[in-house]
Amino acid sequence: MAEKIKNLINGDWVDAVSGNTLESINPADTYDVVGIVPKSGREDVNKAVDAARKAYESWRLVPAPRRGEIIFKAAELLRKRKQELGELVTREMGKVLPEGLGDVQEAIDMAYYMAGEGRRLSGETVPSELPNKDCKSIRVPIGVFALITPWNFPTAIPAWKMLPALICGNTVVFKPSSYTPVCSARLVEILVEAGMPKGVINLVHGTGEDVGEYLATHPDIDGVSFTGSTGVGERLARICGPDREVSCEMGGKNAIIVMDDGNLELAVEGAIWGGFGTTGQRCTAASRVVVHHLVYERFLDMFTKVALRLRLGNGLLKTTDVGPLINEAQMKKVLDYIEIGKKEGARLVIGGKACTEGGCAKGYFIEPTIFADVEPKMRIAQEEIFGPVVSVIKTNDLNDAIRIVNGVKYGLSSSIYTQDVNRSVVAERDIDTGIVYINASTIGAEIQLPFGGTKKSGLGHREAGGRGGALDMFTKWKVIYRDFSGKLQKAQIDKG
Ligand code: UN1
């Protein structure tokens, strides 16, 4: 049954002014309409931004620990409803149920963490060079944020953005992907139920063209946080210009290095999980595996055998290992890349085709695909595919492997399998990515440390927790000097 979803503007659940709607479709079964959502336009955005602007004046003055209490309550509600929300993620986005539940868990983790930040949000107090004067730096909110999120983590990524934005005292206008609007609506409903005052969160559904771009460039928006493709992110940053904060989490072409001394069983598990988990639709997906020549054939043989056993299907079934692609356009893009790989002369070892039979007949499925003998400069080894396609590349030694890993325009995540501590330290030092894993796959970042990448993978601030994480995105620094001497004191001049 399709659910009727609305926008949230100034505390009211409303249709788009135009009355137009869009459908959200289950990618594993295109006959299943998950939701009917407003197809909003400029007028809806204007109203939402106005509401957020008004609410900002009071929300910024609510003590951060109080803001944290509301977020804590939302964490509890998310936790109670985890199963139902996880099933919805799987139905609307396609990832298998354990991953749908993981998506929700990531939002829960972020909610507890950011609720706690309400009692930390610390700055510095330092001594003044003058008597009877003190100095401190404090974090202050930025204002009204536009949050634009993708479909691949429909609960986690909105939570990564919304919760830190709110704990810092900003108000938001949230534009989720039009492919996963129901998951986003649920998250917002929970925040409202937890006690978010009206106007603090505004939700506007619609397409990137109708809503996203207009929202990001709206004159009353102070900051933009976007996750999606590098193309769209860079364009947004360009059109937003220098007058507002823009942070973008973008593409990846992440690699696993497998050294000759690595534990091959573990490396195969990591490559399967990183390459085919979430059907390869993670910005952290392992789409390249760079293997030492001494173990190349053995690794390839083991990797292929395990990949051949993966079962495609509806992610709600226990028998499914790999779910569908999100939509037809994404499916076509992945199939095009497979053709490009073949033309470039890479050796197609398994997969390479759409699956249209049995449990796959009604959805967007592609067989797990492995290319071997891939040259580092081939397009399939350079460009983000965002699907179940892994390129296996042969390497001579560690330095060559690191050169290959770094030889792409992206720099999000990487990994090395080795038992040699010296090699692992060199990899950790010389690989230019925002995240490096040792003896683990390229996916599965935890929320208590910054998330994001170098080069074309990120722009602006990193997300999530820890020093250098999302608090930097959602606050600016203010320095306060307080002179209680009752006379004019001159810094740098009065020497006492
Ligand atoms: C993404 O793919 O956009 O590290 C985010 C991971 C997840 C987040 C992925 N925790 O794979």
Side-chain angles (χ1 to χ4, degrees), residues 86 89 93-96 98-114 147-164 176-177 179-180 183-184 187 225-233 247-256 269-288 322-323 325-326 330 384-390 410-415 433-438 440-454 456-466 469-470 473:
V89 169
M93 183 275 162
K95 62 177 76 175
V96 292
E99 292 186 29
L101 293 167
D103 198 313
V104 178
Q105 186 59 48
E106 207 156 339
I108 297 171
D109 295 341
M110 190 61 96
Y112 282 124
Y113 183 90
M114 286 299 162
L147 308 180
I148 303 176
T149 60
W151 43 262
N152 68 333
F153 277 81
T155 310
I157 292 180
W160 289 6
K161 295 191 190 300
M162 216 159 1
L163 305 176
S177 163
Y179 291 99
T180 49
C183 291
S184 319
L187 177 64
S225 174
F226 164 84
T227 298
S229 70
T230 296
V232 175
S247 290
C248 298
E249 206 49 68
M250 307 184 288
K253 192 68 194 175
N254 316 293
I256 293 176
E269 279 187 67
I272 293 279
W273 176 225
F276 303 121
T278 330
T279 321
Q281 301 173 112
R282 290 196 191 211
C283 55
T284 51
S287 55
R288 299 181 293 159
V322 179
L325 280 297
I326 187 72
Q330 192 57 29
E384 185 176 50
I385 299 175
F386 229 63
V389 180
V390 177
Y410 298 106
L412 183 54
S413 176
S414 59
S415 125
T433 55
I435 306 168
V436 180
Y437 290 91
I438 315 292
S441 191
T442 57
I443 67 179
E446 300 178 28
I447 62 97
Q448 63 275 27
L449 283 169
F451 180 88
T454 63
K456 298 273 181 192
S457 290
L459 188 155
H461 295 290
R462 299 272 165 97
E463 306 212 85
M473 186 185 300

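Remember, it's 1-based here, ligands and their atoms both numbered in the order they're listed. A quick note: this is a predicted structure, and the numbers were derived from the prediction, not measured.
The two residues Pro154 and Asp103 make their nearest non-hydrogen contact at CD-OD2, 3.1 Å. Between Cys283 and Phe386, the closest heavy-atom pair is N-CE1, 3.6 Å. For Gly411 against Ser457, the heavy-atom pair with the smallest separation is N-OG, 2.9 Å.
Annotation: ligand 1 has protein neighbours Glu106, Asn152, Phe153, Ile157, Trp160, Arg282, Cys283, Thr284, Ile443, Gly444, Ala445, Phe451, each with a heavy atom less than 4.0 angstrom from the ligand.
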Given the rule in the side chain to side chain contact (heavy atoms under 4.5 Å, CB included) test, do Ile256 and Ser441 qualify, once you have shown the distances and angles that lead to the verdict? CA-CA 7 Å; Ile256 293 176; Ser441 191; 3.9 Å; yes
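Ring geometry for Trp160 versus Phe153: interplanar angle under 30°, hence parallel rather than tilted (30 to 60°).
Evaluation of the salt bridge (Lys or Arg N to Asp or Glu O under 4.0 Å) rule for Glu463 yields Lys161 as partners, not counting sequence neighbours.
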